[in-house]
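Proteins come first, then strands; the chains are lettered A, B, ... in the order of their sequence lines, and each starts at number 1. Below, each value reflects all heavy atoms present in this structure, side chains not excepted, and no hydrogens, waters or symmetry copies.
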Number of protein chains: 2
Amino acid sequence: MPQTARRARAAKAAKLQSAAFRRTRSDHSRELAEDYVELIADLIDERGLARGTDVAGRLGVANATVVKMLKRLQDAGLVTQEPYREINLTGEGWLLAENGRKRHRIVENFLLALGLSEETARIDSEGIEHHVSDETLKAMARFVARNS
Amino acid sequence: MPQTARRARAAKAAKLQSAAFRRTRSDHSRELAEDYVELIADLIDERGLARGTDVAGRLGVANATVVKMLKRLQDAGLVTQEPYREINLTGEGWLLAENGRKRHRIVENFLLALGLSEETARIDSEGIEHHVSDETLKAMARFVARNS
DNA sequence: GTAAGAGTTTAGCCTTTGCTAAACTTAATT
DNA sequence: AATTAAGTTTAGCAAAGGCTAAACTCTTAC
Ligand SMILES: [Mn+2]
Ligand SMILES: [Mn+2]
Ligand SMILES: [Mn+2]
Ligand SMILES: [Mn+2]
């Protein structure tokens, strides 16, 4: 029965491909939290404190959007904030931020090593960083080490 | 007044960075449509027609999710479908699908040329493809041409 | 021709991520 | 001390993208 064989092949194709789409969806669900904590860490390091307005300005979204997201990040245990005060990171938040920075730096340097302009490397890396597996990240780091 | 200078620098930093985040958000808003039409095109080429169940199976989502999305894609002029019938692409849909396939192929081959496993290349490329500018895509294609 | 099985649609729900406008608090200026 | 400016929060809205359960239609096998 070639029907059965065809079906089995189709089922395997579906399983393989759906795994990739599932990974992408799960990357996306972590993406914003990573960008927020990384950005907050940068602001704290650069200017001593992170305010909601600065976060909104850097992300290019409205203040109210930031307020709402910060609540979710607090619930997730990444951020602390008293009403009307500046934003701080928890221990876990700092860990995530450091990790994000490392990843981001590698991806951006990789794009530069590939010969792209600073602007393109900056812009493209902001999206790509979240979809890079550990294996790929290592390969990128290796490439950077060799071509710089 | 060094205050003013500092402010100007900060404003420029915010503008630069927010441009990257805006690009990522706009990539995301196109992402799903691209994946759908690419997948529908593949199904039509592989098995002669694309059914909702197949799309759902390959994406790893529920049938109802696909139905809702197909409505949006019809509104966007990318897809046509009569009730209870198979899915077809409009001219515009085929163009987008072809473009997506090209992009996807280049990104996946690039990851392979970088030395990654087939599985990792397949999975990572599914997310990365949507965040790659034309400049980066060209650089990837060049790299593939040299290292294969 | 009818019944069964495969596939599709609808209804109703939820979370996330965005927005504007209005109200509020804090900090700075006078 | 009072006013003002800057920053924050709340309220209310919307679109996108998920889900399950139940109803429906089409095709195929009998
Ligand atoms: Mn980042
Ligand atoms: Mn990012
Ligand atoms: Mn993404
Ligand atoms: Mn994709």
Provide, to the nearest angstrom, the distance between the CE atom belonging to A:Met69 and the P atom belonging to D:dT8. 17 Å
May I ask you to decide if B:Ser18's main-chain N or O and B:Arg23's side chain share a donor-acceptor pair within less than 3.5 Å? no
Expressed in angstrom and rounded to an integer, what is the separation of B:Tyr36 atom OH from D:dA16 atom P? 13 Å
Rounded to whole Å, the CD-C1' distance (A:Glu86 to D:dA6) equals 15 Å
Need to verify one output field. Residue with the more 5' nearest nucleotide on DNA chain D, A:Arg22 or A:Ala50? A:Ala50
For C:dG18, does OP1 or OP2 lie under 4.0 Å from any side-chain N or O of B:Arg25? yes
Where the side chain of A:Thr53 is defined as all heavy atoms beyond and including C-beta, which of C:dT10, C:dT9, D:dG7 is the nearest nucleotide? D:dG7
Do any side-chain nitrogens or oxygens of A:Thr65 fall under 4.0 Å of OP1 or OP2 in C:dT17? no
What is the distance from CZ of A:Arg85 to C1' of D:dT8, rounded to the nearest Å? 11 Å
When you compare the side chains of B:Asp27 and B:His130, does any donor N or O come within less than 3.5 Å of an acceptor on the partner? no
Indicate the ring-plane relationship of B:His28 and A:His28, choosing parallel, tilted or perpendicular according to the 30° and 60° boundaries. perpendicular
Value in whole Å for how far the P atom of C:dT26 lies from CZ of A:Arg51: 16 Å
Could you work out which one of D:dT20, C:dT8, C:dC19 sits closest to the side chain of A:Ala64? C:dC19
Check whether A:Leu112 and A:Val144 end up in the same hydrophobic cluster, where Ile, Leu, Val, Met, Phe, Trp and Tyr are linked by side-chain heavy atoms less than 4.5 Å apart. no
Regarding the side chain of A:Tyr84, the nearest nucleotide among C:dC19, D:dG7, C:dT17 is D:dG7
Check every strand shown and say whether A:Val67 touches a base, only sugar-phosphate, or nothing at a heavy-atom separation below 4.0 Å. base
Is it true that B:Thr136 and B:Ser133 share a donor-acceptor pair across their side chains at a distance under 3.5 Å? yes
Whole Å only: how far is the NZ atom of A:Lys68 from the C1' atom of C:dC19? 9 Å
Tell me whether the OP1 or OP2 atom of D:dG17 has a side-chain N or O from B:Arg72 closer than 4.0 Å. yes
Taken to the nearest whole Å, CG/B:Asp35 to P/D:dG18 is 10 Å
Separation of D:dG7 P from A:Gln81 CD (nearest whole Å): 14 Å
